[in-house]
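Every number for a ligand or one of its atoms is a count from 1 in the order of the listing.
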Amino acid sequence: MYKSKSDLEKVLALSESEKAWSEDIPHLPVLISDEVMALINKYDQNDPIRRQFVPSKEEQSDYLGSLDPLEEVKHSKSERFIHRYDNRAALLVTDQCFAYCRHCFRRRFTGHEIGAVTRHELEEICKYLEKHTEIEEILLTGGDLFVLSDWKLEEVIGMLKETRPDIILRLCTRALLSHPRRFTDELFRVFERHNTGAPYYLMTQFNHPREITKESVEIVSRFLSLGIIAFNQSVLLKGVNDSVEVQVELARKLLVNRIKPYYLFQGDLVNGTSHLRVDIKKGLEMEKEMRKRLSGLEMPMYTIDLPEGGGKAILTHNYLAGEDENSWIFDSPYGGKREYPKIN
Ligand SMILES: *Cc1c(COP(=O)(O)O)cnc(C)c1O
Ligand code: SF4
C-alpha cells in the first residue's frame, strides 16, 4: 500500500508536477493499493492508470469548480442518504476506498475518516424507506461498498432487505480493480444468504482496458453465478481514455467479459480535477464516432451530471436534423441525409 509521497518515491521516478504536489493541503488523501500499483507502467510518466491515482500539482492549482458540484448535500436526507430522483436513492455506506481516484467527484465526502454507516443511521434510513414507497432502487455506494467488513455488509443488506425486499440494490465498487482479494467465499456467502426479493446489480468502474484483469473477470463471473449482472460506469478522462481507440477497446473488452457498458460520464466540475476533464465538443465527436464503430450492446451513454443538482442528461449527436412540411429529416450516422414521411 502507498499512502504518501515518500511511499510513491520508492517505486516511481516522480515527474516535476508529481513532486510539486503538496501533502499539506488537505484534500483527497493518497492511497494506492498494491494491485493498482502493479498495473502502472513505471517507465511511462503518462501511464493512464498512473494519471488516475498518482496526484500532481495540477490538482492543487485548480480553483474552478466546487467540492459538491451536484449539490448532493442539498438533496440529502442525511449526510449519507441522497434522494434526488423520485424512484431511486444513493446510500453512502462509507467514505473509504481501497485506492483514491484523483478524479473522484465526491471529494466533499470521500476519504474524510467518516467511517461506515452506523446501525442507528441505518434504522433512520429504514424508517424513511417504509414511508417512501416510491423508492424502487438504492445505490449502495460511498466510497466503496466493499470496504465494509462482511459483518457490516450483512447488517446493511439484511436491514434493507427486511424493510423493503422489493427494492433493487446496486452494488457500486471499484474494488474489482483496487482490491480483488476482498471477494472471498465468505463475502459471496453474504449474498447467497440474502438472495431473495428484488435483484442486485453490480456497478463497476473501469476506465481503461488495462484495468480489466483476469482477477476482475473472475469476480464478475462469481457474481453472475448468483444471478447478479454487471454494468460499467466510466469517466471520460484526459490522457486516460480520451480517444476513440481506447474507448472502443474498453467497450469490447467489457462486453466480452460480461460487463455491459452503461455510462461514460463527462467529468464533473469538481475542484482539483480540471486537468483531467475533456472538452464536451471533443466528447461529442468521440461519441459520434464510437456509435458508428460499436454495437448497441457495447455503446455506453455519454452523460453529464448537470451542475447545481440539475440531474443527468445524455449527450449525443441529434440525428433528427430538421423537418419540412411532409417529412422529418435525419442525418444518417454513416453520412448523408434521409427523410421519413410525416404520417397523419
Ligand atoms: C446517478 C444517480 C442515481 C442513478 O441514476 P441512474 O440514471 O438510474 O443510473 C441515483 N441517485 C443519484 C443521487 C445519482 O447521482
Ligand atoms: S472509487 Fe469512487 S468513491 Fe472511491 S475515490 Fe474512486 S471515484 Fe471516488
Side-chain angles (χ1 to χ4, degrees), residues 27-33 35-36 49 51-55 59 67-112 114 132 134-148 167-179 182 201-208 211 216 231-237 240 260-268 270 272-273 276 300-315:
H27 229 358
L28 189 69
V30 180
L31 182 62
I32 302 180
S33 61
E35 288 85 352
V36 168
I49 295 161
R51 255 181 93 72
Q52 292 178 72
F53 292 97
V54 176
E59 64 179 71
L67 281 181
D68 183 21
L70 311 180
E71 294 197 349
E72 288 194 327
V73 171
K74 199 157 111 190
H75 291 83
S76 295
K77 304 299 147 191
S78 70
E79 185 180 35
R80 299 183 184 273
F81 197 73
I82 308 161
H83 187 193
R84 174 186 302 148
Y85 305 110
D86 244 15
N87 67 341
R88 52 213 198 277
L91 169 55
L92 312 185
V93 294
T94 175
D95 61 304
Q96 306 286 303
C97 299
F98 294 110
Y100 291 114
C101 315
R102 305 326 295 176
H103 55 270
C104 183
F105 75 104
R106 206 170 269 144
R107 272 172 189 242
R108 65 163 175 93
F109 181 79
T110 312
H112 285 43
I114 299 164
H132 290 265
E134 75 275 17
I135 296 180
E136 297 163 342
E137 286 182 38
I138 295 180
L139 288 70
L140 298 178
T141 182
D144 198 304
L145 169 64
F146 292 109
V147 166
L148 298 189
I167 290 184
I168 289 171
L169 297 176
R170 293 195 206 173
L171 315 172
C172 307
T173 182
R174 217 177 181 210
L176 283 75
L177 160 74
S178 57
H179 195 42
R182 174 68 188 91
Y201 288 92
L202 180 68
M203 309 303 290
T204 60
Q205 182 193 155
F206 294 107
N207 294 320
H208 189 276
E211 294 170 22
S216 48
F231 289 87
N232 190 61
Q233 305 191 153
S234 63
V235 189
L236 183 58
L237 296 166
V240 174
K260 161 75 185 109
Y262 178 44
Y263 279 138
L264 169 61
F265 283 115
Q266 171 66 19
D268 291 321
V270 191
T273 62
L276 293 166
M301 292 181 279
Y302 180 36
T303 300
I304 181 166
D305 223 325
L306 294 171
E308 296 166 47
K312 294 186 179 69
I314 294 181
L315 290 163

In terms of residue, atom name and distance, what is the protein heavy atom nearest to atom 5 (S) of ligand 2? Cys101 N, 3.3 Å
Atoms of ligand 2 less than 4.0 Å from Gly143 heavy atoms? 3 (S)
Indicate the atoms forming the closest heavy-atom contact of Thr94 with Asp144, along with that distance. CG2-O, 3.2 Å
Looking only at distances, can you tell me whether any N or O atom of Glu72, backbone or side chain, sits closer than 3.5 Å to an N or O atom of ligand 1? no
Quick one: which ligand 1 atoms are inside 4.0 Å of a heavy atom on Ile82? 13 (C)
In plain terms, say whether Glu35 and Arg182 are close enough for a salt bridge, that is, a side-chain N and a carboxylate O under 4.0 Å apart. no
At under 4.0 Å between heavy atoms, which part of Leu139 makes contact with ligand 1: side chain, backbone, both or neither? side chain
Reference residue Gln52; test side-chain contact (heavy atoms from CB on, under 4.5 Å); the match among Leu237, Leu276, Ile32: Leu237
Could you tell me whether Lys312 atom NZ has more than 12 heavy atoms of other residues or ligands within 6.0 Å of it? yes
Full working for side chain to side chain contact (heavy atoms under 4.5 Å, CB included) between Phe105 and Thr273: CA-CA 9 Å; Phe105 75 104; Thr273 62; over 6 Å; no
Atoms of ligand 1 under 4.0 Å from any heavy atom of Tyr262, numbered from 1 in the order shown, are 6 (P), 7 (O), 8 (O), 9 (O)
So which heavy atom in the protein is nearest atom 8 (O) of ligand 1, and how far is it from that ligand atom? Arg88 NE, 2.6 Å
With a cut-off of 4.0 Å, which atoms of ligand 1 are near a heavy atom of Tyr85? 2 (C), 3 (C), 10 (C), 11 (N), 12 (C), 14 (C)
Arg107 vs Glu59 side-chain heavy atoms within contact, under 4.5 Å: yes
re atom 4 (Fe) of ligand 2, the protein heavy-atom contact at minimum distance is Cys97 SG, 2.3 Å
For residues Phe265 and Gln233, determine if any side-chain heavy atom of one lies less than 4.5 Å from a side-chain heavy atom of the other. yes
Give me the ring orientation class for Tyr262 and Phe231: parallel if the planes are under 30° apart, tilted from 30 to 60°, perpendicular past 60°. perpendicular
Can a non-hydrogen atom of Gln205 be found less than 4.0 Å from any atom of ligand 2? yes
Starting from atom 1 (S) of ligand 2, what is the nearest protein heavy atom, named by residue and atom, and what distance separates them? Arg174 CB, 3.7 Å
What is the minimum heavy-atom distance between Gln205 and Arg174, and which atoms define it? O-NE, 3.0 Å
Contact between ligand 1 and Gln233 is defined here as a heavy atom of the residue under 4.0 Å from a ligand atom; is it met? no
Please determine whether the number of non-hydrogen atoms from other residues, nucleotides or ligands lying under 6.0 Å from atom CD of Glu134 exceeds 12. yes
Taking only heavy atoms of Lys312, which atoms of ligand 1 are found under 4.0 Å from at least one of them? 1 (C), 2 (C), 3 (C), 4 (C), 5 (O), 7 (O), 14 (C), 15 (O)
Using a 4.0 Å heavy-atom cut-off, which part of Arg170 comes near ligand 1: side chain, backbone, both, or neither? side chain
When you measure from atom 7 (O) of ligand 1 to every protein heavy atom, which one gives the shortest distance, and what is it? Tyr263 OH, 2.5 Å
If you have a sec, work out which protein heavy atom is nearest atom 8 (Fe) of ligand 2 and how many Å separate them, to one decimal? Cys104 SG, 2.4 Å
